[in-house]
Number of protein chains: 2
Amino acid sequence: MTIEDAGTAPTRRTTLADVARQAGVSTALVSLVMRGAPGASPANREKVFRVARELGYVPDSRARALRQGRSQLLGVMFHVQQTFHADVIEGIYEAAEAAGYDVVLSAVTDSRSEDKAIGTLLADRCEAVILVAPTSSREWLAEVGGRLPTVVLVRHVRHPDLSVVRAADVKGLALAVDHLVGLGHTRIVHIDGAGSPSAEQRRRGYRTAMERHGLTPQIVRGGWAEINGSQAVDALLAGGGDLPTAILAFNDPCAMGALSALHRAGIAVPDEVSVVGFDDTHLAGFSHIGLTTVRQDAGLMARLAVARAISLIERSNGADEHGDGVVVPALVVRGTTGPCRR
Amino acid sequence: MTIEDAGTAPTRRTTLADVARQAGVSTALVSLVMRGAPGASPANREKVFRVARELGYVPDSRARALRQGRSQLLGVMFHVQQTFHADVIEGIYEAAEAAGYDVVLSAVTDSRSEDKAIGTLLADRCEAVILVAPTSSREWLAEVGGRLPTVVLVRHVRHPDLSVVRAADVKGLALAVDHLVGLGHTRIVHIDGAGSPSAEQRRRGYRTAMERHGLTPQIVRGGWAEINGSQAVDALLAGGGDLPTAILAFNDPCAMGALSALHRAGIAVPDEVSVVGFDDTHLAGFSHIGLTTVRQDAGLMARLAVARAISLIERSNGADEHGDGVVVPALVVRGTTGPCRR
DNA sequence: CTTAACCCCTAGAACGTTTTAGGTCGCGTG
DNA sequence: CACGCGACCTAAAACGTTCTAGGGGTTAAG
């Protein structure tokens, strides 16, 4: 039956008025019942429910939001190819739902810029946006922050109109360096994140930690993707000089790429070279040997971001609510690091 | 300045009426200008643009959709942790934009079921939905198809209310088996997708291809994630019997998991065991050695799905428009397969 | 018998757009 | 002098909800 009328008249979706007419009541009453608000007799309540189900009525979220003056929507911009972002999104959905908000995703891809992604979120009248690892300029981010409550995730940026939730990158790299030094390594190279968000912080963390140990830092250009990690290692190998004994990658995918290149070159991990990542993407836990990495708790960061976003929405007057939420990273030792043998 | 008034009065977003008032014209005229429709004098056009920019006006997509009676929206349900889906989404955005449609994403996570994901797409009044690798029952999918134009991606399901875009799974597994047999392998085991969409087809493809070569199929239970691949290999190793010389995994992540477990066990790939994946996730191209795999063209499938969805929307009367779009997979030989040495 | 208090219900106005149906100019043409 | 015609503009009605204000009842208290 549903199949039947679907095939014949899929033109207009059924509306509140349709249900009201069919049930012989006013639209206001149907609205009441559908929202579970008080003020309808049990008899009518039951009848409305029955008719609504029969007609397959689903409330129109746009009309609802329009009338209510608020959308209860949290906009999330993320990069679709970043594995870590997937973990964050899981957490955001969960936290938002618990707080009674809906989530609208807007992905950044090769052909879809951050500007465009944010633009649709504005047009959708989100009440706040969470930007996961944005690469846009500080100015553009500030402009977004000027328009509506904005939480920047996983990028370091200081501005009165922006809240930030991020890991203590400097601390994270210090943990990693300390770990490697503890294993006897001295020639530790950092494959950096190039222009990625928070790459600068991680470089700094690496550099100061190295210097604290009296070691000379060496940084080679990398990036956030696998390919960057493997290319960086290829460059190191081609460089001719002797290889470092440990590699500190910008993030997990980058570390995986490095692992890949090392493997291809027949270099044993961790016997000849140790490798450390960053993020603890749930990929890192499973794949090959298990990657030693610096854990950023995606779920925790997601919860903090959502909480901050909502508090910004709710008392959206008053001056300087913005501030940073910094989560402390933790070292997760797995199989890609070992004692220095050289 | 923008910073200033953002801090003080972020209450209501600026509306068409605000712009109209400020520019001293009617809302209708502002609407005209913003849409680039003809019928406004150059002078007014310029003035309206200027005022709109000053006030930071962004049209409310909900109100627009409500009035127009159509949302121009394509809903996409996907699994946020599936790497292959990310590739598909890139393609969908691109194809949809080219056709003048917007995309709304609805993710499935551990805590967010497919039902819920589809529910929000319905409430958002998408004009069609694309379901990427749904695991829901055929009945539930059919019900969705009865409500609005529905394209199922990457899952085999036959129903008059559902369009399907998928790879020729049987052909794909035949390619892989032929490749391995050509390399001299005879003991080829399939780590399957358990209850995943299209797992059944791939099992069948594997089985018939093996039998065609006069070989006896052996299937062990796997799944779509890395962990499933490595657990399956662990089980094989624990089984005590001698190891197969080749492994055919359900998909790339599963294959990566298998590689991981083999590596951990000190078994050389491809010298002792060859491994083949499925999907050609862009991960497979980079990581470790490079995975030999059966390529499903994500971009092509995305384009087909979008085209089908739009054609369903546009002549959304008439009877049996639905049908299958089957793309032919291709074998991509990389480093994880080699001649049988045993 | 009035008045108040409740319960259930409905009319109608919003929300921010687009669209329809005009309305007012200025100007050229019969 | 009508009159028609473009070019430009606007008032007002939609779209599908929610919400405010209030209207009938019934019952209870004064």
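Atoms considered below: every heavy atom in the structure, side chains included; atoms not considered: hydrogens, waters and symmetry mates. The shown structure was predicted, so the numbers you read here are calculated from the model rather than taken from an experiment. Convention: sequence-line order gives letters A, B, ...; per-chain numbering from 1.
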### Summary
Distance col, row B/N44:CG vs B/S26:OG, nearest 0.5 angstrom, shows 9.0 Å
### Message
Distance check needed: D/dT17 P versus A/R35 CZ, whole Å only.
### Response
12 Å
### Message
Base, sugar-phosphate or nothing for B/R125? Non-hydrogen atoms, less than 4.0 Å.
### Response
sugar-phosphate
### Query
Any salt bridge (charged side-chain N to carboxylate O under 4.0 Å, His left out) pairs touching residues 21-30 of chain B, not counting sequence neighbours?
B/D18-B/R21
### Query
Which sits closer to the 5' end of DNA chain D, B/A63 or B/N44, going by the nucleotide each is nearest to?
B/N44
#### Entry: Residues from residues 64-72 of chain B lying under 4.0 Å of DNA chain D - heavy atoms
B/L66, B/R67
#### Entry: Axial bend angle, the helix from C/dC1-D/dG30 to C/dG30-D/dC1: five-pair end segments, nearest 10°
80°
#### Entry: Distance, nearest 0.5 Å, that separates CG of A/L153 from CD1 of A/I92
6.0 Å
### Task
Sequence neighbours left out, what passes side chain to side chain contact (heavy atoms under 4.5 Å, CB included) with A/A307? Give chain and number order.
none
### Task
Indicate the atoms forming the closest heavy-atom contact of A/V164 with A/V157, along with that distance.
CG2-O, 3.1 Å
### Query
Tell me: CG of B/L16 to C1' of D/dT10, nearest whole Å?
13 Å
### Query
Of the residues in residues 20-31 of chain A, which ones touch DNA chain C at a heavy-atom distance under 4.0 Å?
A/V25, A/S26, A/A28, A/L29
Donor-acceptor pairs are to be reported for all side-chain atoms of residues 33-40 of chain B against protein atoms at under 3.5 Å, with residues two or more places apart or in another chain.
| residue | atom | partner | partner atom | Å |
| --- | --- | --- | --- | --- |
| B/R35 | NE | B/S31 | O | 3.2 |
| B/R35 | NE | B/S31 | OG | 3.2 |
| B/R35 | NH2 | B/S31 | OG | 3.0 |

### Message
Please check: side-chain N/O of A/R70 versus main-chain N/O of A/E127, any donor-acceptor pairing under 3.5 Å?
### Response
no
## Note on the structure
Residue set satisfying salt bridge (Lys or Arg N to Asp or Glu O under 4.0 Å) with A/R125, at least two apart, ordered chain then number -> B/D60
Side-chain donor-acceptor pairs under 3.5 Å in residues 73-82 of chain B, sequence neighbours left out?
| residue | atom | partner | partner atom | Å |
| --- | --- | --- | --- | --- |
| B/H79 | NE2 | B/E114 | OE2 | 2.9 |
| B/Q81 | NE2 | A/D87 | OD1 | 2.9 |
| B/Q81 | NE2 | A/E90 | OE2 | 3.0 |

### Message
Using whole Å, what does the distance between atom C1' of nucleotide D/dG16 and atom CG of A/L55 come to?
### Response
15 Å
### Task
Measure the CZ-OG1 distance between A/R308 and A/T150 for me, rounded to the nearest 0.5 Å.
12.5 Å
### Message
Applying a 4.0 Å non-hydrogen cut-off, can you work out what A/R62 is touching in the nucleic acid: base, sugar-phosphate, or nothing?
### Response
nothing
## Note on the structure
Bounded by its outermost nucleotides with an atom under 4.0 Å from a heavy atom of chain A, the footprint on DNA chain C reads C/dC8 to C/dT17
### Query
Got a sec, which residues hit salt bridge (Lys or Arg N to Asp or Glu O under 4.0 Å) with A/D124, two or more places apart in sequence or on another chain?
none
## Note on the structure
Between CZ of A/R13 and P of D/dC15 the distance, given in whole Å, is 17 Å
#### Entry: B/E97: salt bridge (Lys or Arg N to Asp or Glu O under 4.0 Å) partners, not counting sequence neighbours
A/K116
### All salt bridge (Lys or Arg N to Asp or Glu O under 4.0 Å) counterparts of B/R138, not counting sequence neighbours
none
